[in-house]
Structure formats: C-alpha cells, structure tokens
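In what follows, a structure is listed as structure tokens, so that the remarks can point back to it.
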Amino acid sequence: MFRLWAKTFKNNRMLRDTVICDSSSDTRTHKVLHALDEVCSQFDLGRPLWLDSNVREFQKHAKARFYSDSFIEQIDFDYLEIQMLEEDD
C-alpha cells in the first residue's frame with residue numbers, strides 16, 4: 001500500500017493534514033503526483049510547482065516542503081509538506 005501524508009503549517013503549527021492511500025499499480029512517480037492532486041483538491045489549493053530543490057529533497061528524504069514560491073496564488077500558510085509513509089513492496 002502506498003501512503004502519503006500531507007500537512008500545512010503556519011508559525012510552526014500544523015493547521016491541517018491528510019493521508020492519501022493508493023493501491024493502484026501505477027509507478028511511484030504517478031502515485032505521488034496523483035496523491036498531490038488529491039491533497040490540493042481536499043485543501044482547495046492550486047497544484048504547487050516542483051522546483052529542483054523539491055525534487056532533490058523528495059528523492060533523498062521521501063519528504064518535500066512547498067513554500068510560497070512553489071504556488072502561483074497566495075497561500076494562507078507557511079508551507080505544505082508531503083511525506084511518504086509507506087511504499088509498495
């Protein structure tokens with residue numbers, strides 16, 4: 001089972017979170033992108049841009065933070081963090 005945890009933070013406090021589960025046979029990349037789309041839908045956000053720093057951070061630590069420079073519109077929090085909880089075997 002693939003599970004991705006997404007959280008928004010403001011002033012070092014978590015505002016909201018959600019866990020997205022995916023049991024499809026898609027690739028890891030597709031699962032991450034689909035999960036991020038679902039998170040943005042639940043949180044009523046525009047999809048953030050994957051900057052090079054986000055890609056490197058996610059590849060290295062299975063975690064990425066999206067700050068205001070990753071979003072086209074204004075955000076009412078400091079950053080969105082996604083973290084891989086569980087990957088398919």
Side-chain angles (χ1 to χ4, degrees):
M1 172 68 71
F2 169 91
R3 294 186 312 139
L4 185 111
W5 187 17
K7 308 163 269 197
T8 57
F9 287 88
K10 184 167 184 129
N11 299 324
N12 293 322
R13 295 182 189 267
M14 187 180 353
L15 299 177
R16 60 181 138 165
D17 70 324
T18 188
V19 174
I20 306 298
C21 300
D22 188 343
S23 59
S24 71
S25 60
D26 272 344
T27 64
R28 178 182 190 244
T29 301
H30 285 119
K31 288 181 181 185
V32 169
L33 294 176
H34 290 140
L36 186 57
D37 284 343
E38 180 63 29
V39 166
C40 292
S41 176
Q42 286 184 21
F43 291 175
D44 193 26
L45 295 172
R47 187 174 178 188
L49 303 172
W50 281 86
L51 305 175
D52 289 339
S53 59
N54 300 119
V55 173
R56 283 191 305 274
E57 183 182 13
F58 196 78
Q59 288 173 338
K60 188 173 183 178
H61 303 290
K63 181 190 288 190
R65 288 183 178 177
F66 298 95
Y67 295 93
S68 62
D69 59 346
S70 294
F71 292 91
I72 293 173
E73 73 277 351
Q74 288 287 100
I75 55 174
D76 60 350
F77 50 87
D78 295 333
Y79 60 89
L80 166 68
E81 180 178 278
I82 61 171
Q83 179 179 356
M84 185 76 66
L85 292 179
E86 184 178 349
E87 287 190 67
D88 298 325
D89 293 331

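Residue indices begin at 1 and follow the sequence shown.
Taking OG from Ser23 and CZ from Arg3, the interatomic distance works out to 12.5 Å, rounded to the nearest 0.5 Å. The CZ atom of Phe2 sits 4.0 Å away from the CE atom of Met84 when rounded to the nearest 0.5 Å. The CZ atom of Arg47 lies 4.0 Å from the CG atom of Asp37; values are rounded to the nearest 0.5 Å. Atom NE2 of His34 is separated from atom CG of Asp22 by 8.0 Å, given to the nearest 0.5 angstrom. Between Arg16 atom CZ and Met14 atom CE the span is 12.5 Å, to the nearest 0.5 Å. In this structure, CG on Leu15 lies 4.5 Å from OG1 on Thr8, to the nearest 0.5 angstrom.
Taking hydrophobic clusters as Ile, Leu, Val, Met, Phe, Trp and Tyr residues chained together by side-chain heavy-atom distances below 4.5 Å, Ile82 shares a cluster with Leu33. Ile75 and Trp50 fall within a single hydrophobic cluster, where Ile, Leu, Val, Met, Phe, Trp and Tyr are joined by side-chain heavy atoms under 4.5 Å apart, directly or via other members. Residues Leu80 and Trp5 are members of separate hydrophobic clusters, defined by side-chain heavy-atom contacts under 4.5 angstrom among Ile, Leu, Val, Met, Phe, Trp and Tyr.
Contact between Asn12 and Asp78 at its shortest, heavy atoms only, is N-OD2, 4.5 Å. Contact detail for Ala6 and Phe43: the closest heavy-atom pair is O-CZ, 4.1 Å.
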Quiz item: Given the rule in the side-chain contact (heavy atoms from CB on, under 4.5 Å) test, do Leu51 and Phe66 qualify, once you have shown the distances and angles that lead to the verdict?
Solution: CA-CA 9 Å; Leu51 305 175; Phe66 298 95; over 6 Å; no
Exercise. Go through Glu57 and Arg65 one step at a time and tell me if the salt bridge (charged side-chain N to carboxylate O under 4.0 Å, His left out) criterion holds.
Key: CA-CA 8 Å; Glu57 183 182 13; Arg65 288 183 178 177; 5.3 Å; no
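Remark: Lys10 does not engage Asp76 in a salt bridge, criterion side-chain N to carboxylate O under 4.0 Å.
Looking at Asn11, its side chain never comes within 3.5 Å of a backbone N or O of Arg13 through a donor-acceptor pair.
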Extract all donor-acceptor atom pairs below 3.5 Å that involve side chains of residues 67-74 and protein atoms in other chains or at least two apart in sequence.
| from | atom 1 | to | atom 2 | distance (Å) |
| --- | --- | --- | --- | --- |
| Glu73 | OE2 | Gly46 | N | 2.9 |

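Residues in residues 8-31 take part in these ring pair (Phe, Tyr, Trp, His ring centres under 6.0 Å) pairs, two or more places apart or across chains: Phe9-Tyr79.
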